[in-house]
Amino acid sequence: MTGLSLFAVAVALGVDAFAVATAVGLCHNPLRISSVARLAGAFGFFQALMPVIGWAAGTAVHQYIAAADHWLAFVLLALVGGKMIVGALRGGDEHPLRNDPSEGWNLLVLAIATSIDALAVGLSIAAIGGPILVPAIVIGIVAAIMTAMGMAIGCRIGASLSKGIEIIGGVVLLAIGARILFEHLA
């Protein structure tokens, strides 16, 4: 895999992380460095880890993973997005972000959901007999950078809107999950 094609793959894998980070950034005003670091670190880590896992698993399990990866990503994003919407509808204005997606289980679920496609990339690299270390590092770094950019953009958009930011963020996560599901089913 050439440097340019590796970068293109890393950017393509980072698009979901960017989109989810933008939705999460909508809910952060002001944007905290700790939130950006947590989300970018987790997304980058899992984007780097998943190709390694896929590469190690090789082609033996590819057919099982490929058949369900889109459903898993959809369910995970729908759970977090739904939780954000329900939290926004139930709560008052005592805290601007009651279900911070950059913390706890939400963070773990989002990191896994946005990196499932990277598992298939690892399987593909194993199938062609390629090395995994450099691709995994590049994929992780690009995902972390795209995540930080997405959060910054989302925060700027969120700052210009006043009410319902958490609902908008939840709806965006649901839409991203539906898009992943639709792309794999179509």
Side-chain angles (χ1 to χ4, degrees), residues 7 9-53 72-119 121 136-180:
F7 182 73
V9 166
V11 169
L13 289 172
V15 168
D16 286 340
F18 175 82
V20 169
T22 302
V24 170
L26 284 171
C27 304
H28 281 82
N29 188 19
L31 189 61
R32 289 172 275 147
I33 298 297
S34 60
S35 296
V36 175
R38 277 193 307 269
L39 202 71
F43 282 18
F45 174 76
F46 276 92
Q47 285 283 359
L49 178 64
M50 288 297 201
V52 173
I53 292 171
L72 181 59
F74 170 73
V75 168
L76 293 174
L77 289 170
L79 286 173
V80 175
K83 184 176 177 186
M84 286 175 68
I85 293 168
V86 169
L89 293 173
R90 279 191 188 158
D93 293 330
E94 70 279 355
H95 188 273
L97 185 61
R98 287 164 294 285
N99 296 309
D100 187 352
S102 72
E103 294 179 345
W105 285 107
N106 288 335
L107 175 63
L108 180 64
V109 168
L110 289 176
I112 291 170
T114 58
S115 63
I116 290 172
D117 286 347
L119 190 72
V121 169
I137 291 170
V138 170
I139 290 167
I141 290 171
V142 168
I145 291 168
M146 290 178 73
T147 300
M149 289 172 32
M151 282 193 78
I153 291 168
C155 183
R156 287 195 186 266
I157 294 168
S160 66
L161 303 172
S162 59
K163 296 189 180 206
I165 296 303
E166 230 175 318
I167 294 172
I168 293 169
V171 169
V172 169
L173 291 180
L174 289 169
I176 292 167
R179 180 189 56 84
I180 290 170

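Note that the structure is a prediction, hence the values are computed from the model and not measured. These values consider heavy atoms only, across backbone and side chains, with no hydrogens, waters or symmetry-generated copies.
The CG atom of Leu49 sits 7.5 Å away from the OG atom of Ser115 when rounded to the nearest 0.5 Å. To the nearest 0.5 angstrom, Arg38 atom CZ is 11.5 Å from Asn106 atom CG. If you take CG on Asp117 and CD1 on Ile139, they are separated by 11.0 Å, rounding to the nearest 0.5 Å.
Among the candidates Ile153, Val11, Ile145, the single residue satisfying the side chain to side chain contact (heavy atoms under 4.5 Å, CB included) test with Phe18 is Ile153.
What you find for Gly44 and Ala143 is that their closest heavy atoms are CA-CB, 4.2 Å. Across every non-hydrogen atom of Ala118 and Leu13, the tightest pair is N-CD2, 3.7 Å. In terms of heavy atoms, Phe43 sits closest to Ala17 at CD2-CB, 3.6 Å. Taking each heavy atom of Ala42 and Ala111 in turn, the nearest pair found is O-CB, 3.9 Å. Heavy atoms only, all atoms of each residue included: Ala152 and Leu31 are closest at CA-CD2, 3.8 Å. Residues Val24 and Met151 share a closest heavy-atom pair of CG1-CE, 4.0 Å.
Between the side chain of Gln47 and the main chain of Ala136, no donor-acceptor pair closer than 3.5 Å is present.
Residue pairs meeting the side chain to side chain donor-acceptor pair (under 3.5 Å) criterion with at least one member in residues 13-24, sequence neighbours excluded: Asp16-Arg179.
Residues Val142 and Phe7 form a side-chain contact, since some pair of their non-hydrogen atoms from C-beta on lies under 4.5 Å apart. Contact annotation: the side chain of Ile112 approaches that of Phe46 to within less than 4.5 Å [non-hydrogen atoms, C-beta and beyond]. Counting heavy atoms from C-beta on, the side chains of Val20 and Leu39 never come closer than 4.5 Å.
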